Protein chains: 2
Amino acid sequence: MSDLLERLRGRGWRMTSQRRVVAEVLDGEHVHLTADEVHARAAQRLPEISRATVYNTLGELVSLGEVIEVATDGRAKRYDPNAHHPHQHLICSNCGTIRDVHPAGDPLADLPVEERFGFTVSQVEVTYRGLCGVCA
Amino acid sequence: MSDLLERLRGRGWRMTSQRRVVAEVLDGEHVHLTADEVHARAAQRLPEISRATVYNTLGELVSLGEVIEVATDGRAKRYDPNAHHPHQHLICSNCGTIRDVHPAGDPLADLPVEERFGFTVSQVEVTYRGLCGVCA
DNA sequence: TCTTGACTTGGACTCTGTCTATTGTAGGGT
DNA sequence: ACCCTACAATAGACAGAGTCCAAGTCAAGA
């Protein structure tokens with residue numbers, strides 16, 4: 001819950017009403033919102049909040065590792081507040097719904113050294129695609 | 001090579017000079033170009049080709065399954081002509097270089113039924129990230 | 001060669017996101 | 001409790017990527 005606000009305060013964040021509202025919007029529901037959706041929900045509580053502030057705040061939350069940025073389709077990025085539990089994503093190709101999933105196995109271990117081309121590989125994202133129950 | 005052009009003709013494509021040039025640009029080099037890069041290279045051969053045509057043609061190639069769209073970072077999509085050989089991508093977080101890689105294992109099989117939430121899962125993308133030899 | 005519907009064009013438009021100059025304010029210091 | 005001041009918020013201009021549309025062009029079948 002507001003562990004998040006505590007952690008942010010502990011990291012020296014100046015706590016403004018705008019930042020509080022953005023953090024609460026993300027913390028409140030486990031959905032994957034776009035920046036504009038976050039802005040819309042934040043504006044319900046704080047009508048004068050600006051888009052720029054929402055973008056700034058989201059960017060800060062991402063660099064603090066509190067939120068994950070998900071670029072699924074080349075359109076708007078989505079923001080995933082479930083950053084402290086490793087997971088992957090399952091996306092409906094039709095309606096765009098995103099679910100967090102937990103596959104077995106370790107995809108990083110599946111990439112042999114001779115397939116790394118001198119890269120220092122540090123991260124893997126797995127995106128499953130298909131049709132959800134409603135769209136199928 | 002121009003297997004691609006043959007396949008497209010066989011699918012009833014009206015063969016225009018614009019489409020030929022776009023197909024040849026993609027077919028020529030195994031790199032991952034953005035739409036604007038494709039446009040630039042196409043324009044070297046056919047100066048009057050328009051952006052809209054390049055976007056249209058790329059979209060058609062994608063829906064025909066001849067080219068894969070790679071949305072890596074929420075910026076410009078990249079187009080991968082290596083659609084007939086299954087592979088995944090390794091991306092440098094610094095310079096954005098993309099390499100095709102071939103991990104072992106089958107990530108689709110790693111997603112248990114109880115983690116599919118009624119979806120009909122048909123596709124998996126695995127994206128490895130890290131620093132390439134030059135940027136490290 | 002003619003015809004026709006598919007294709008191309010340029011430009012306006014939308015959507016996401018960034019930047020900047022200005023104004024506002026959280027929170028430490030007194 | 002009140003000031004400072006550096007950090008944060010704001011509005012709006014701007015930029016990049018992509019889409020849409022009306023009008024003109026042309027590939028390919030008759």
Side-chain angles (χ1 to χ4, degrees), chain A residues 5-6 8-26 32-64 66-80 96 98, chain B residues 5-6 8-25 32-43 45-64 66-80 96 98:
Chain A
L5 290 178
E6 291 310 317
L8 294 171
R9 213 186 298 270
R11 301 209 204 197
W13 243 35
R14 179 176 292 188
M15 191 53 62
T16 67
S17 52
Q18 292 85 347
R19 286 175 164 185
R20 192 187 339 271
V21 166
V22 169
E24 285 171 359
V25 164
L26 286 170
H32 301 76
L33 301 171
T34 64
D36 263 3
E37 287 164 352
V38 172
H39 178 243
R41 297 188 186 211
Q44 287 174 2
R45 307 199 200 178
L46 192 66
E48 295 317 310
I49 193 171
S50 74
R51 283 189 340 120
T53 297
V54 171
Y55 276 103
N56 288 341
T57 306
L58 289 172
E60 287 157 10
L61 288 169
V62 169
S63 32
L64 289 174
E66 295 289 347
V67 164
I68 293 171
E69 214 172 53
V70 187
T72 58
D73 60 348
R75 304 190 54 89
K77 290 176 197 164
R78 295 183 170 272
Y79 292 88
D80 181 346
I98 305 182
Chain B
L5 290 177
E6 290 310 316
L8 294 171
R9 212 185 298 268
R11 300 210 206 198
W13 246 33
R14 180 175 290 187
M15 191 53 62
T16 66
S17 51
Q18 292 85 348
R19 287 176 164 183
R20 194 187 338 270
V21 166
V22 169
E24 284 172 358
V25 165
H32 301 75
L33 302 171
T34 64
D36 264 3
E37 286 164 352
V38 172
H39 178 242
R41 297 188 188 212
R45 306 200 203 176
L46 192 65
E48 294 317 307
I49 193 170
S50 74
R51 282 189 342 116
T53 296
V54 171
Y55 276 104
N56 289 341
T57 306
L58 288 171
E60 287 155 11
L61 289 169
V62 169
S63 32
L64 290 175
E66 295 289 347
V67 163
I68 294 170
E69 212 173 57
V70 188
T72 57
D73 59 348
R75 304 191 57 91
K77 291 175 196 162
R78 294 182 171 271
Y79 293 87
D80 181 347
I98 305 182

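To find a chain, count down the sequence lines: A is the first, B the second, and so on, and within it residues start at 1. The structure presented is a predicted model; accordingly, all values stated were derived computationally and were not measured. Excluded from the calculations below are hydrogen atoms, water molecules and symmetry mates; all remaining heavy atoms, backbone and side chain alike, are included.
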Per-nucleotide protein contact along nucleotides 25-30 of chain C, 5' to 3', at a 4.0 Å heavy-atom cut-off (B base, S sugar-phosphate only, - neither), is BBS---
Donor-acceptor pairs under 3.5 Å, side chain of residues 47-55 of chain A to any protein atom, not counting sequence neighbours: which ones?
| unit_1 | atom_1 | unit_2 | atom_2 | d |
| --- | --- | --- | --- | --- |
| A:Ser50 | OG | A:Thr53 | N | 3.3 |
| A:Ser50 | OG | A:Thr53 | OG1 | 3.1 |

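Separating the CZ atom of B:Arg20 from the C1' atom of C:dC7 is a distance of 14 Å, rounded to the nearest angstrom. Distance, B:Leu8 CG to C:dC7 C1': 15 Å, rounded to whole Å. A:Glu69 places its CD atom 14 Å from the P atom of C:dT16, with the value rounded to the nearest Å. Distance, A:Glu48 CD to C:dG24 C1': 14 Å, rounded to whole Å.
For A:His39, the ring-ring contact (aromatic ring centres under 6.0 Å, His included) criterion is met by no residue, not counting sequence neighbours. Scored by the salt bridge (Lys or Arg N to Asp or Glu O under 4.0 Å) test, B:Arg14 finds no partners at all (sequence neighbours excluded). By the salt bridge (Lys or Arg N to Asp or Glu O under 4.0 Å) test, A:Arg45 pairs with A:Glu24, sequence neighbours left out. Partners of B:Arg41 under the side-chain contact (heavy atoms from CB on, under 4.5 Å) rule, at least two apart in sequence or in another chain, are B:Val25, B:Glu29, B:Leu33. Among residues two or more places apart in sequence or in another chain, the side-chain contact (heavy atoms from CB on, under 4.5 Å) test is passed with A:Glu69 by A:Val62, A:Lys77, A:Tyr79. In this structure A:Glu60 satisfies the side-chain contact (heavy atoms from CB on, under 4.5 Å) test together with A:Trp13, A:Arg19, A:Asn56, sequence neighbours excluded.
Taking each heavy atom of A:Met15 and A:Leu8 in turn, the nearest pair found is CE-CB, 4.4 Å. The heavy-atom pair separating A:Thr72 from B:Ala71 by the smallest distance is O-CB, 4.3 Å.
Within the 4.0 Å cut-off from OP1 or OP2 of C:dT8, at least one side-chain nitrogen or oxygen of B:Arg19 is found. Neither OP1 nor OP2 of D:dT25 sits under 4.0 Å from any side-chain N or O of B:Gln18.
Of the residues in residues 39-47 of chain A, none has a non-hydrogen atom less than 4.0 angstrom from any atom of DNA chain C. Of the residues in residues 49-63 of chain A, those with a non-hydrogen atom less than 4.0 angstrom from any atom of DNA chain C are A:Arg51, A:Ala52, A:Tyr55.
Overall, the helix from C:dT1-D:dA30 to C:dT30-D:dA1 carries an axis bend of 30° between its ends, with five pairs at each end and the value rounded to 10°.
Note that the CG atom of A:Leu5 and the CD atom of A:Glu66 stand 10.0 Å from one another [nearest 0.5 Å]. Distance CD/A:Gln18 to CZ/A:Arg20: 9.5 Å, rounded to 0.5 Å. Here B:Ile98 contributes atom CD1 and B:Asp80 contributes atom CG; the two are 8.0 Å apart, rounded to the nearest 0.5 Å.
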